[in-house]
Amino acid sequence: VRTFAIDMIGALDQESSGVDEYYSVVEFATRATIISNLTSSDEAVQKLNGLDYSGGWTNHKSAIYRCQRTLDLSTADDRENVILLVTDGVPTRPEEDPHGAALAAASNVKSKGTVIFPVFISANNQGAVDYMEGLSTDGSVSYLNDFSELQQLVNSLAPQIACRTAIPSSSPSLKPTPLPTPLPTQLPTAIPTKLPTKEPTAIPTKLPTKEPTVEPTSLPSTTQGPSACVGKVNVCLALDMSGSVCSPDFNNPQLCEEC
């Protein structure tokens, strides 16, 4: 899980086309703990390298709210807030209605505009699938059969997160559309009424073909350029460190030290 999170940060940085992304890290088990508030990718990776196995139960509610707390600290209003929740099981804490508590927390942060991307390892029953889809912003969940598939997910999931707020160029929508409409409607209608038969055919055919077609075709190509992600996101990595997500052998914490 730790390696997956580090690789995901690297992939998100590549997808962002030079735009600085910011990351926070939350580890959770019975309770959630903020390991790092929003910071640069280099500092987030340093924090991730220091993560250790904690063991315990699974508390998605606490993880979601701790992540939102870090995202609320952002002062940039041009960024989308994202929670990447990585877990291998449904919640078991708080003791009273852990599913309902987590779904309520997810609904609360989504109402603030935060996007939740769940990554669910070993989905083994329909009830668990339905629950995870309820956490997700759009109902989509990355389901994995085992831990080895985490690394394969990096390249496919990173563009979904980084490109979610891709900002298209405004020039093609502002300039190409107004230019073709005013020239054909103003000049062709005004001049033919004064010049009966000699001039009307020459002027309307020259002006509409020169200006409306030259300007709209050149502007989109220079402003849009190649397709790229230029969106800005704050990403909170919520990582399940309860034990089973680190290793198939829940009872062997030593195996989890390498997660």
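Heavy-atom basis, side chains included; hydrogens, waters and symmetry copies ignored.
Of the possible polar contacts, none joining the Asn108 side chain to the Ala104 backbone as a donor-acceptor pair under 3.5 Å is found. Panel note: side chain Thr58, backbone Thr92; no donor-acceptor pair is recorded below 3.5 Å. No side-chain donor-acceptor contact under 3.5 Å links Ser74 to the backbone of Leu71. Between the side chain of Gln160 and the main chain of Ser156, a donor-acceptor pair closer than 3.5 Å is present.
Going from atom CZ of Phe4 over to atom CD1 of Ile9 covers 10.5 Å, rounded to the nearest 0.5 Å. Note that the NZ atom of Lys61 and the CZ atom of Arg31 stand 12.5 Å from one another [nearest 0.5 Å]. Rounding to the nearest 0.5 Å places CD of Gln14 at 9.5 Å from CG of Leu12. Note: Asp130 CG to Leu135 CG = 11.5 Å, rounded to the nearest 0.5 Å. Rounded to the nearest 0.5 angstrom, Leu144 CG and Leu153 CG are separated by 5.5 Å. Note that CZ of Arg69 and CD1 of Ile64 are 14.0 Å apart. Values are rounded to the nearest 0.5 Å.
No more than 12 heavy atoms of other residues, nucleotides or ligands sit less than 6.0 Å from atom CD of Glu95. Around the NZ atom of Lys110, the shell of radius 6.0 Å holds more than 12 heavy atoms that belong to other residues, nucleotides or ligands.
Minimum interatomic distance between Leu38 and Thr70 (heavy atoms only, all atoms of both residues): CD1-O, 3.5 Å. In plain terms, the two heavy atoms of Phe120 and Asp88 that are nearest each other are CE1-C, 3.5 Å. Residues Val233 and Arg79 approach most closely at O-NH1, 3.3 Å, considering heavy atoms. Closest non-hydrogen pair, Trp57 versus Ser242, comes out as O-CB, 3.4 Å. Glu15 approaches Pro159 most closely through the heavy-atom pair OE2-CG, 3.4 Å. Contact record, Arg2 with Leu51: NH1-O, 2.9 Å, taken as the closest heavy-atom pair.
Residue pairs meeting the ring pair (Phe, Tyr, Trp, His ring centres under 6.0 Å) criterion with at least one partner in residues 60-85, sequence neighbours excluded, are Phe28-His60, His60-Tyr131. Pairs engaging residues 69-93 under the ring pair (Phe, Tyr, Trp, His ring centres under 6.0 Å) rule: none recorded [sequence neighbours left out].
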Taking it one step at a time, do Ser54 and Glu27 satisfy side-chain hydrogen bond (donor to acceptor under 3.5 Å, both in side chains)? CA-CA 9 Å; Ser54 62; Glu27 68 169 359; 5.0 Å; no
Asp42 and Ser40: CA distance, side-chain angles, deciding distance, side-chain hydrogen bond (donor to acceptor under 3.5 Å, both in side chains) verdict: CA-CA 5 Å; Asp42 290 342; Ser40 67; 5.3 Å; no
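When the options Val141, Val115, Leu85 are evaluated for a side-chain contact (heavy atoms from CB on, under 4.5 Å) with Ser136, the one that passes is Val141.
Residues Glu43 and Ser36 bring no donor and acceptor atom of their side chains to less than 3.5 Å of each other.
Transitive grouping of hydrophobic side chains (ILVMFWY, heavy atoms separated by less than 4.5 Å) keeps Ile121 and Val26 in distinct clusters.
Using a 4.5 Å heavy-atom threshold, the side chains of Leu150 and Asp7 count as separate. Residues Val119 and Leu84 have side chains in contact (heavy-atom distance under 4.5 Å, counting atoms from C-beta outward). A 4.5 Å side-chain heavy-atom check between Met132 and Thr87 finds at least one atom pair inside the cut-off. In this structure the side chain of Lys112 reaches within 4.5 angstrom of the side chain of Asp72, judged on heavy atoms. Considering only heavy atoms from C-beta on, Val235 stays 4.5 Å or farther from Glu21 through its side chain. Looking at heavy atoms from C-beta onward, Ile35 lies out of side-chain contact with Leu239 at the 4.5 angstrom threshold. Residues Asn59 and Pro94 have side chains in contact (heavy-atom distance under 4.5 Å, counting atoms from C-beta outward). Side chains of Ile34 and Ser24 form no contact here, defined as non-hydrogen atoms less than 4.5 Å apart.
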